[in-house]
Amino acid sequence: MSLPCRVCGTPTCQRDGQGRACEKTCAEDEIARELLGAGQALIADERIPTPARVLQGELATAGGPR
(Lines give C-alpha, C1' and ligand atoms only; values in the text may rest on other atoms or scores of the structure.)
Protein backbone atom coordinates (compact mmCIF):
# COMPACT_ATOMS: atom_id res chain seq x y z
CA MET A 1 0.00 0.00 0.00
CA SER A 2 1.46 3.35 -1.04
CA LEU A 3 1.59 6.06 1.59
CA PRO A 4 3.21 9.52 1.38
CA CYS A 5 6.85 9.59 2.47
CA ARG A 6 7.12 11.24 5.89
CA VAL A 7 10.00 13.41 4.59
CA CYS A 8 9.17 14.44 1.01
CA GLY A 9 5.53 13.42 0.61
CA THR A 10 6.09 11.28 -2.49
CA PRO A 11 3.95 8.09 -2.50
CA THR A 12 6.04 5.07 -1.52
CA CYS A 13 5.67 1.44 -0.49
CA GLN A 14 8.94 1.52 1.48
CA ARG A 15 9.02 1.78 5.28
CA ASP A 16 11.63 2.87 7.80
CA GLY A 17 12.70 0.95 10.91
CA GLN A 18 9.62 2.15 12.81
CA GLY A 19 7.25 1.10 10.00
CA ARG A 20 6.56 4.66 8.79
CA ALA A 21 6.46 5.42 5.06
CA CYS A 22 9.87 6.70 3.94
CA GLU A 23 11.69 6.57 0.61
CA LYS A 24 15.14 5.01 0.60
CA THR A 25 16.89 8.22 -0.48
CA CYS A 26 15.13 10.24 2.23
CA ALA A 27 16.16 7.70 4.89
CA GLU A 28 19.75 7.70 3.61
CA ASP A 29 19.85 11.51 3.68
CA GLU A 30 18.62 11.53 7.29
CA ILE A 31 21.29 9.02 8.31
CA ALA A 32 23.98 11.08 6.58
CA ARG A 33 22.82 14.27 8.34
CA GLU A 34 22.85 12.48 11.72
CA LEU A 35 26.38 11.18 11.13
CA LEU A 36 27.57 14.60 9.99
CA GLY A 37 26.08 16.23 13.09
CA ALA A 38 27.72 13.65 15.37
CA GLY A 39 31.07 14.18 13.63
CA GLN A 40 30.83 17.94 13.92
CA ALA A 41 29.98 17.61 17.62
CA LEU A 42 33.12 15.54 18.17
CA ILE A 43 35.21 18.07 16.27
CA ALA A 44 33.80 20.91 18.38
CA ASP A 45 34.32 18.99 21.65
CA GLU A 46 37.36 20.62 23.21
CA ARG A 47 38.00 17.59 25.44
CA ILE A 48 39.07 15.57 22.38
CA PRO A 49 42.59 16.64 21.34
CA THR A 50 43.24 17.47 17.72
CA PRO A 51 45.97 15.48 15.94
CA ALA A 52 48.21 18.57 16.04
CA ARG A 53 47.84 18.84 19.84
CA VAL A 54 48.62 15.15 20.23
CA LEU A 55 51.81 15.51 18.16
CA GLN A 56 52.87 18.51 20.25
CA GLY A 57 52.34 16.52 23.44
CA GLU A 58 49.36 18.59 24.55
CA LEU A 59 46.98 15.82 25.61
CA ALA A 60 43.70 16.81 27.19
CA THR A 61 43.44 15.75 30.82
CA ALA A 62 40.92 16.25 33.61
CA GLY A 63 42.81 19.36 34.71
CA GLY A 64 43.10 20.79 31.22
CA PRO A 65 45.99 20.80 28.76
CA ARG A 66 49.49 20.28 30.12
Side-chain angles (χ1 to χ4, degrees):
M1 167 194 231
S2 280
L3 293 174
C5 172
R6 63 181 173 75
V7 177
C8 69
T10 302
T12 183
C13 293
Q14 298 174 342
R15 303 292 182 261
D16 63 10
Q18 288 82 33
R20 299 175 294 175
C22 187
E23 287 193 327
K24 180 182 175 190
T25 54
C26 292
E28 290 171 343
D29 286 346
E30 283 186 333
I31 292 168
R33 282 192 299 272
E34 287 175 16
L35 290 173
L36 177 63
Q40 288 174 333
L42 287 174
I43 290 169
D45 190 344
E46 295 176 1
R47 296 173 296 169
I48 300 173
T50 63
R53 287 179 55 203
V54 171
L55 289 175
Q56 295 170 358
E58 299 177 21
L59 297 177
T61 61
R66 293 197 249 168

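For reference, positions follow the sequence shown, starting with 1. None of the values given here were measured: they were computed from a predicted structure.
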Applying side-chain contact (heavy atoms from CB on, under 4.5 Å) to Gln18 and not counting sequence neighbours gives Asp16, Arg20

In terms of heavy-atom contacts, Cys22 and Thr12 come closest through N-CG2, 3.9 Å

Output side-chain donor-acceptor pairs under 3.5 Å for residues 33-42, partner residues at least two apart or in another chain, one line each.
none

*Beyond-backbone contact of Ser2 with Cys13, side-chain heavy atoms, under 4.5 angstrom*: yes

Residue set satisfying side-chain hydrogen bond (donor to acceptor under 3.5 Å, both in side chains) with Glu30, at least two apart, ordered chain then number -> Arg6

Tracing side-chain contacts under 4.5 Å among Ile, Leu, Val, Met, Phe, Trp and Tyr outward from Met1 reaches Leu3

The reported gap from CD in Glu23 to CG in Asp29 (rounded to nearest 0.5 angstrom) is 10.5 Å

In this structure, NZ of Lys24 is separated from SG of Cys5 (nearest 0.5 Å) by 14.0 Å

